[in-house]
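Working notes, beginning with the structure itself.
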Amino acid sequence: MQLNGAEAVWECLAREGVDIVWGYPGGAALPLFDALAKYPQIHHVLVRHEQAAAHAADGYARASGRVGVCVVTSGPGATNLVTGIATAMLDSVPVVALTAQVADSVIGTDAFQEVNITGITLPITKHNYLVRQSKDLVRVLREAFFLARTGRPGPVLVDLPKDILIGPCEFHFPDRVTRPGYRPVVRSAPYHLQRAAQVISDACRPVVLAGHGVHVASAWEELRLFAERIDAPVVSTLLGLGTMSSDHRLALGMAGMHGVAWANLAAQNADLLIALGMRMDDRFTGSLPRFAPNARLLHVDIDPAEIGKRVPASVPMVGDVRIVLEALTSSLPELDHREWLAQVDAWRGRHPLEVHAQGPLPPQEVIRALDRVTDGSGIVVSDVGQHQMWVAQYYRFRRINSFFTSGGLGTMGYSVPASLGVQAAHPGEPVWVVVGDGGFQMNLQELATIVQERLPIRIVIMDNGYLGMVRQWQELFHGARYIGTPISGPDFVQLAASYGIPARRACATAELDDAFAAAREADGPFLLDCKVERDENVYPMVQPGTGNADFVEDPRRRGEK
Ligand SMILES: Cc1ncc(C[n+]2csc(CCOP(=O)(O)OP(=O)(O)O)c2C)c(N)n1
């Protein structure tokens with residue numbers, strides 16, 4: 001079939017099952033946007049800044065399990081994607097980023113809107129391509145989708161010179177993709193399976209560590225069955241929240257720097273850690289020499305580079321978490337760890353999560369109200385900062401794969417644009433965004449996209465007048481010198497009104513249930529500005545350089561404040 005390059009791009013996307021893309025046009029991308037008219041099955045969402053296109057594609061990918069796609073022009077359009085691509089890279093999210101490029105004949109001449117985007121994104125993509133010949137175009141696009149979604153997923157960028165987009169392209173869509181040297185191992189070796197089964201049977205205090213890889217592998221059911229079979233508590237990383245319903249008797253919630261005390265104590269006192277699709281991030285382990293000193297580590301990950309990277313593994317298992325868990329569960333008898341579980345319960349009783357904040361509106365109460373109005377089963381997108389940690393601590397996550405946030409890169413400004421994609425993966429359902437007044441002001445231009453697309457996105461601003469998480473560190477470690485952290489903003493309710501978005505302000509706990517009910521019932525977007533206590537800190541906190549058992553609790557708990 002004879003097409004032009006731009007048509008071939010959309011034809012490839014259509015055959016990959018893509019029905020929505022987020023993008024922004026420009027000179028070099030004009031042929032691409034023009035050809036979209038022939039593909040009405042693909043909906044293009046015009047964002048207001050290219051960073052948002054990358055985050056939206058990322059949010060869509062996380063929520064749908066499919067590849068998210070963004071399409072932008074050359075030069076500044078491409079560089080505006082960088083933070084979004086790095087965010088997807090650090091969290092292993094399958095995104096295909098299409099950037100238009102100046103014509104092949106002028107590449108390297110500093111042509112108008114030329115940047116070397118493959119050079120710029122080399123370290124933040126799983127792979128990238130500059131297509132220099134029409135005959136490579138279809139194969140490259142096919143490979144881009146294949147690489148993005150297989151093995152350890154990640155972003156793949158394809159740079160498309162304008163003359164390739166305009167020129168003829170003989171369209172042949174290959175049935176299969178083969179990349180020499182790229183063959184992710186999904187099944188663990190039988191020897192490792194036997195060793196793992198033995199080590200698990202021998203353990204007295206096993207703890208499962210569930211990471212983002214459980215979501216990536218859609219291994220939710222396998223995780224539950226495995227944990228039940230071996231009767232072991234399950235601790236989550238930040239991105240591992242929602243891998244198991246919090247209602248489950250074995251689910252402990254998040255460990256790490258702001259993890260709940262009982263989850264940290266369980267992991268620290270374990271004699272076996274079974275790490276599933278998690279990479280021992282420093283925010284999770286605390287001081288490495290003090291991390292789980294008596295535990296052996298059974299580490300399952302599809303990326304061999306993660307195994308032994310930060311914590312040596314007694315049993316390394318390279319493979320797809322779902323397939324490995326299936327094999328492990330079937331090779332193990334029912335185990336019984338009731339004494340160990342009783343110990344964990346005792347820790348939970350001794351160190352409960354409590355709100356000690358005073359004043360009219362403690363920020364934790366906002367998350368509790370969100371939890372009530374959604375019955376812990378909403379779809380929640382969080383930004384980065386103190387509010388993110390309060391969501392992780394106080395929201396229940398009763399629904400599988402319902403929490404989306406930037407974990408690895410910690411990208412402020414992620415939540416509002418990512419919600420565009422999360423919403424597309426859950427058509428018709430409300431999506432709740434929790435965001436600080438700092439992060440909101442980084443990408444609030446996307447309110448216009450939300451309105452244009454008529455999306456039922458509810459934005460909850462945790463408005464404390466500070467870059468709160470940084471203020472907390474200044475208070476604790478920099479003599480309470482608040483330099484560069486007090487932040488003002490517009491009247492968010494009036495701002496929303498100017499976009500035609502209904503909005504409310506809440507200034508006291510007593511107002512929350514009404515305000516959240518109004519947000520839930522809204523027929524479209526809604527914004528809720530919560531004027532929370534300004535000086536609240538996130539506790540418990542494992543301070544930098546200390547071990548996870550040495551978490552600091554809220555001083556007011558012991559009557560010290
Ligand atoms: C793009 C970006 N810039 C800077 C930071 C560093 N940082 C981490 S949390 C934070 C403060 C966030 O403030 P806000 O959005 O108001 O949320 P809060 O912590 O008050 O809940 C900052 C500046 C970051 N994570 N991302």
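Treat the numbers as computed from the prediction; the structure is a model and nothing was measured. Any value given below was found using the heavy atoms of this structure, including those in side chains, with hydrogens, waters and symmetry copies removed. For ligands, and for the atoms within them, numbers begin at 1 and follow the listed sequence.
Counting the atoms of ligand 1 from 1 in the order shown, those under 4.0 Å from a heavy atom of Gly468 are 13 (O), 18 (P), 19 (O), 20 (O).
A salt bridge does not link Arg279 to Asp301: none of the charged nitrogens lies less than 4.0 Å from a carboxylate oxygen. By the 4.0 Å N-to-carboxylate-O rule, Asp491 lies close enough to Arg505 to be salt-bridged with it. Using a cutoff of 4.0 Å between basic side-chain nitrogens and carboxylate oxygens, Asp281 and Arg283 are not scored as salt-bridged.
Residue Asp437 places a heavy atom less than 4.0 Å from ligand 1.
The shortest N or O to N or O distance between Gly410 and ligand 1 is under 3.5 Å. Inclusion of Tyr466 in the set of residues having an N or O under 3.5 Å from an N or O of ligand 1 is warranted. For the pair Gly439 and ligand 1, the shortest N or O to N or O distance falls below 3.5 Å.
With respect to atom 13 (O) of ligand 1, the closest heavy atom belonging to the protein is Leu467 CA, 3.3 Å. If you check which protein heavy atom lies closest to atom 9 (S) of ligand 1, you get Met469 CB, 3.7 Å. Nearest protein heavy-atom neighbour of atom 2 (C) of ligand 1: Met412 CB, 3.7 Å. Scanning all protein heavy atoms for the shortest distance to atom 17 (O) of ligand 1 gives His387 ND1, 3.4 Å.
Of the heavy atoms in Ile487, none comes closer than 4.0 Å to ligand 1.
For Gln386 and Glu536, the side-chain atoms include no donor-acceptor pair closer than 3.5 Å. Side-chain contact of Arg368 with Tyr394: a donor-acceptor pair under 3.5 Å is absent, judged by distance alone.
You'll find the side chain of Asp91 stays beyond 4.5 Å of the side chain of Tyr414, heavy atoms only.
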